[in-house]
Amino acid sequence: MRFSRYFLPVLKETPAEAQIVSHRYMLRAGMIKQASAGIYSWLPLGFRVLRNIERIIHEEQQRAGHLPILMPTLQSAELWRESGRYDDYGQEMLRITDRHGRDMLYTPTAEELVTDIFRAHVTSYKDLPLTLYQIQWKFRDEIRPRFGVMRGREFYMKDGYNFDIDAEHALHAYNRHMVSYLRSYERMGLKAIPMRADSGPIGGEDTHEFLVLAETGESEVFYDSAITELSLGAREIDYSDWDQCALIAREWTTPYARTDETHDQALFEREVPEERRRVSRGIEVGQIFYFGTKYSAPMGATVTNDRGEQVPVHMGSHGIGVSRLVGAIIEASHDERGIVWPEGVTPFHAGIVNLRQGDAETDRACEDIYAALTEAGLEPLYDDREERAGAKFATMDLIGLPWRITVGPRGLKNGVVELTCRRTGESEELSPELAVARIREIYAGS
RNA sequence: CGGGGCGUAGCGCAGCCUGGUAGCGCGUCUGUUUUGGGUACAGAAGGUCGUGAGUUCGAAUCUCGCCGCCCCGACCA
C-alpha cells in the first residue's frame with residue numbers, strides 16, 4: 001500500500017477525550033473514530049488489525065475442530081424469556097421494539113440462540129461432541145463506557161458453545177478451549193494468563209478468565225510469577241487427545257493466579273513463595289465457562305443417549321473480546337513514540353521510508369523493494385509522501401510497524417538501505433536485496 | 001444512576017468573571033525554501049461559538065431547559 005493512496009489520518013495532537021495509551025494511540029494513528037459513547041467506526045488501519053486478530057482466532061478455533069457459524073445481532077425476546085434471562089439481564093441489554101410491537105434485543109451473548117439451533121437439529125448422542133462458534137458484534141449497554149475500544153458498548157467478540165454428552169466430555173471441551181485460547185494469544189504476541197474467576201450473568205460452575213498484564217487493566221490480579229514463564233512454543237497439539245489437553249490446562253492452572261474477585265490472600269501466601277508473588281493489574285481478554293445443563297435443561301436441548309434415555313446436554317461457552325484485544329495489545333506493547341505491533345497482528349509487515357521523495361534513484365529503489373516484498377506475499381506500507389524524513393519516521397513509529405526499511409540517497413551511494421526493528425530500535429545497513437530477504441525470513445511460516 | 005467537568009475552525013486551546021459581533025498553535029491549500037528524526041518564510045481557505053428559549057439596543061459571554069461527550073464510583077468480553 002502506498003501511503004499517498006491510503007486513508008491514514010494521523011494526528012499530531014491527542015484528542016482530549018482519550019485517557020489511556022491505547023485509546024490515544026488508536027486515535028492518533030487513525031485506527032478508529034468515535035461515533036458515539038462506546039461505539040466506534042474502524043478506519044482502514046484499525047480494521048486491518050481487527051481482521052488479523054479475527055483471522056488468528058478463526059484459524060485456531062478450526063484447528064481445534066470448532067465450527068464457525070454466524071448468528072444475528074438482533075434477536076427476538078422470546079427465547080430469552082424461555083431461559084429466564086430476559087428479565088435477569090437487566091439494563092445492560094439493549095431492548096428494541098419492532099413495528100409490530102414485538103420485543104427484540106441486540107444480542108449481548110448468544111447461549112439462547114445457539115441452543116435453539118442445537119435442539120432443532122441434534123437429537124442423538126452420536127452427533128456429539130459439537131462446538132459452534134461465531135465472531136460477531138455484540139452490544140452491552142454499559143453504564144459507563146470508557147477507554148476507547150477496551151470498554152465499548154458495541155464490541156466485536158468471538159463466542160463459542162460446546163455441546164457434550166456428559167460432564168467428562170464437557171471437561172475435555174473446557175480444556176481444549178483453554179489450549180486453543182493460549183495458542184491464539186501467543187500468536188498475537190500476548191502473554192495472557194488464565195485465572196480462576198466468577199461466572200457472572202452467564203452462570204455456571206467452572207470458569208477461567210484470561211488476563212493480559214497491563215498497568216491500565218481494570219482488574220487487580222495476584223499470581224505466581226512462574227506462570228509468566230510458561231509457553232506453548234512450537235509444541236504439537238492433538239486436540240482430540242484428552243490427556244494432552246488436560247495436562248496443558250493443568251500446567252497453566254496450577255500456579256496461583258486469581259483476580260480480586262476470587263483472590264484468597266491466605267492461600268496465596270501459603271502456596272507461593274514470597275519472591276514469586278506478584279500483584280498487578282490485568283485486562284480481561286477472554287473467558288471460558290462450563291455450566292452443565294443450565295440452558296439445555298430449561299430449553300429442552302436434549303439428546304438420546306446410548307441407553308435410549310433423553311438427557312440434557314452439557315454445555316460450556318467461551319468468549320474472546322476481539323475488538324478489546326486491539327486495545328489490549330497496544331497496552332501491552334508500546335513506547336513513548338507509539339505502538340509496537342507484534343508481527344502476528346501488524347497491519348502491514350514492513351514500512352518503507354523514502355527519505356528523498358522525487359529523487360529518481362531513491363524512488364526507484366523504493367519501488368523495487370515494494371515490488372519484491374509484494375512479490376513475496378507480504379504487505380508493505382510505502383511512505384511516498386512529500387514529507388521530511390522526521391515526519392515520516394514519526395509517523396512510522398506512531399503506527400508501529402515492526403520493521404522499517406529506510407531508503408535514502410546517502411545509503412544508496414554505498415548500495416545499502418537501513419533495516420530497523422521498531423521494538424529494539426536497532427538498525428543495520430544492508431543491500432536492498434538482503435533487507436527484503438530478512439523480512440521474508442521474519443515472516444516465514446506465518 | 002450519584003458526584004465532578006467540558007462543548008468556540010479538522011485537532012489542541014484562549015476569549016466568558018467585567019456583554020459591543022471571535023483569536024492562537026498545529027493541520028489543510030498556494031508559492032518559495034529545506035531535505036538522514038515532526039524545516040523556514042510569505043500568502044490563503046476554514047467557525048450558525050452544541051441546541052432551544054429568555055434577559056438586553058446588543059449574547060460565545062448572563063439566566064433556564066434540552067442534547068452530547070469526558071472523568072470518579074457501583075457493573076462488565
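Labels below follow one simple rule: chain letters A, B, ... track the order of the sequence lines, proteins then strands, and each chain is numbered from 1.
- Rounded to an integer number of Å, the gap from CD of A:Glu387 to P of B:G36 is 13 Å.
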Can you check nucleotides 4-14 of chain B for protein contacts, nitrogen or oxygen pairs under 3.5 Å, and list what you find?
{"residue": "B:C11", "atom": "O2", "partner": "A:Glu13", "partner atom": "OE1", "Å": "3.1"}
{"residue": "B:G12", "atom": "OP1", "partner": "A:Ala16", "partner atom": "N", "Å": "2.7"}

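- For the OP1/OP2 pair of B:C72 and a distance below 4.0 Å, the side-chain nitrogens and oxygens of A:Arg144 include at least one atom meeting the criterion.
- B:G65 is paired with B:U51 under the criterion used here, namely a Watson-Crick or G-U wobble arrangement in which both key atom distances are under 3.5 Å.
- A:Arg24 has its CZ atom 12 Å from the P atom of B:C71, to the nearest Å.
- The distance between atom CG of A:Asp363 and atom C1' of B:U35, rounded to the nearest whole Å, is 13 Å.
- Nucleic acid contact for A:Arg388: base, since at least one base atom lies under 4.0 Å from a heavy atom of the residue.
- For the P atoms, the distance linking B:C24 with B:G47 amounts to 16 Å, nearest Å.
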Below 3.5 Å between N/O atoms, which protein atoms pair up with nucleotides 44-47 of chain B? Just atom names and distances, please.
none

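- B:U61 and B:A44 have their P atoms separated by 30 Å, given to the nearest Å.
- Between A:Met93 atom CE and B:C76 atom C1' there is a gap of 15 Å when expressed in whole angstrom units.
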- Task: Carefully, step by step, assess A:Asn354 and A:Asp384 under the rule side chain to side chain contact (heavy atoms under 4.5 Å, CB included).
- Result: CA-CA 6 Å; A:Asn354 185 337; A:Asp384 61 344; 5.9 Å; no

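- A distance of about 11 Å separates the P atoms of B:U39 and B:U28, rounded to the whole Å.
- Comparing atom distances between the A:Arg146 side chain and each of B:C71, B:G27, B:G36 picks out B:C71 as nearest.
- Residue contacts for A:Gln34: at a heavy-atom cut-off of 4.0 Å it reaches the sugar-phosphate backbone alone, with no base atom in range.
- Checked against B:A77, B:C75, B:A74, the side chain of A:Glu92 finds its nearest nucleotide in B:C75.
- Within 4.0 Å of A:Arg28, counting heavy atoms only, lies at least one base atom of the nucleic acid.
- Taking atom CZ on A:Arg140 and atom P on B:A74, their separation rounds to 19 Å, with Å as the unit.
- Taking the P atom of each, B:G20 and B:U30 are spaced 38 Å apart, rounded to whole Å.
- Between A:Tyr40 and A:His23, the ring planes are perpendicular. Angles over 60° get that label, and only those under 30° would be called parallel.
- Searching all strands for a Watson-Crick or G-U wobble partner of B:A59 with both distances below 3.5 Å returns nothing.
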- Message: I'd like to know whether A:Glu59 forms a side chain to side chain contact (heavy atoms under 4.5 Å, CB included) with A:Arg187, so could you lay out the CA-CA distance, the side-chain angles of the two residues, the decisive distance to 0.1 Å, and finally the verdict.
- Response: CA-CA 11 Å; A:Glu59 287 172 5; A:Arg187 282 186 62 186; 2.7 Å; yes

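- Residue A:Asp397 is in base contact, counting any heavy-atom pair closer than 4.0 Å across all strands shown.
- Among the atoms of the strands shown, only primed sugar atoms or phosphate atoms (P, OP1, OP2) are found under 4.0 Å from some heavy atom of A:Gly286.
- At the heavy-atom level, A:Ser36 lies under 4.0 Å from the strands shown only through sugar-phosphate atoms.
- With hydrogens and angles ignored, a donor-acceptor pair under 3.5 angstrom links the side chain of A:Arg404 to the base of B:G37.
- Closest to the side chain of A:Arg324, out of B:G36, B:A77, B:C1, is B:A77.
- Here A:Gly152 lies in heavy-atom contact (under 4.0 Å) with a base.
- With salt bridges taken as basic N to acidic carboxylate O contacts below 4.0 Å, one links A:Arg63 and A:Glu60.
- In this structure, the CD atom of A:Glu284 is 12 Å from the P atom of B:C75, given to the nearest Å.
- When atom types are taken as modelled, the side chain of A:Arg324 and the backbone of A:Val285 share no donor-acceptor pair closer than 3.5 angstrom.
- Both A:Arg385 and A:Gly321 sit near RNA chain B, but only A:Arg385 has its closest nucleotide nearer the 5' end.
- Remark: C1' of B:C69 and CD1 of A:Ile39 are 13 Å apart, rounded to the nearest angstrom.
- In this structure, A:Arg176 forms no cation-pi arrangement with A:Tyr239, as its terminal cationic atom is not both closer than 6.0 Å to the ring centre and no more than 45° off the ring axis.
- For A:Ala389, whose side chain is taken as the heavy atoms from C-beta onward, the closest listed nucleotide among B:C75, B:G37, B:C76 is B:G37.
- Within the structure, every pair that satisfies the ring pair (Phe, Tyr, Trp, His ring centres under 6.0 Å) test and touches residues 327-373 of chain A, not counting sequence neighbours, is listed here: A:Tyr6-A:Phe348, A:His349-A:Tyr443.
- A 3.5 Å limit on both hydrogen-bonding distances identifies no Watson-Crick or G-U partner for B:G27.
- In this structure, A:Val285 reaches the sugar-phosphate backbone alone: every heavy-atom distance under 4.0 Å involves primed, P, OP1 or OP2 atoms, never a base.
- For A:Pro342 against A:Met188, the heavy-atom pair with the smallest separation is CG-O, 3.3 Å.
- When Watson-Crick and G-U wobble pairs are counted only if both distances are under 3.5 Å, B:A74 pairs with no nucleotide at all.
- B:A9 and B:G50 are spaced 15 Å apart, taking the C1' atom of each and rounding to whole Å.
- A:Glu367 and A:Arg2 are joined by a salt bridge, as a carboxylate oxygen and a charged side-chain nitrogen come within less than 4.0 angstrom of each other.
- Counting non-hydrogen atoms under 4.0 angstrom, A:Glu142 reaches a base of the nucleic acid.
- As a whole-Å value, the separation of A:Lys158 NZ from B:A77 P is 14 Å.
- Nucleotides B:A59 and B:U55 place their P atoms 11 Å apart, quoted to the nearest Å.
- Pairing for B:U33 is absent, judged as Watson-Crick or G-U wobble with the two contacts each under 3.5 Å.
- Taking the six-membered ring where the residue is Trp, A:Phe139 and A:Tyr106 present tilted rings, their angle falling between 30° and 60°.
- Ring pair A:His58/A:Tyr133 is tilted by interplanar angle, where 30° to 60° counts as tilted.
- The shortest distance between the side-chain N/O atoms of A:Lys12 and the OP1/OP2 oxygens of B:G27 is below 4.0 Å.
- Among the nucleotides B:G38, B:C1, B:A77, the one closest to the side chain of A:Ile143 is B:C1.
- Looking at every heavy atom in both residues, A:Arg151 comes nearest to A:Glu218 through NH2-OE2, 2.9 Å.
- Using atom P as the reference point in both B:G2 and B:A60, the two lie 32 Å apart (nearest Å).
- Which of B:G38, B:C76, B:G73 sits closest to the side chain of A:Ala394 comes down to B:G38.
- For an aromatic pair to be called close, the ring centres must be under 6.0 Å apart, and A:Phe210 with A:Tyr181 satisfies this.
- Note on A:Ala37: only backbone sugar-phosphate atoms sit closer than 4.0 angstrom, heavy atoms only; bases stay farther off.
- With C1' as the reference atom, B:U63 and B:C17 are 15 Å apart, rounded to whole Å.
- Judged by the 6.0 Å and 45° rule, A:Arg81 forms a cation-pi pair with A:Tyr86.
- Remark: ring of A:Phe155 stacked against base of B:A77; centroid gap under 5.5 Å, plane tilt under 30°.
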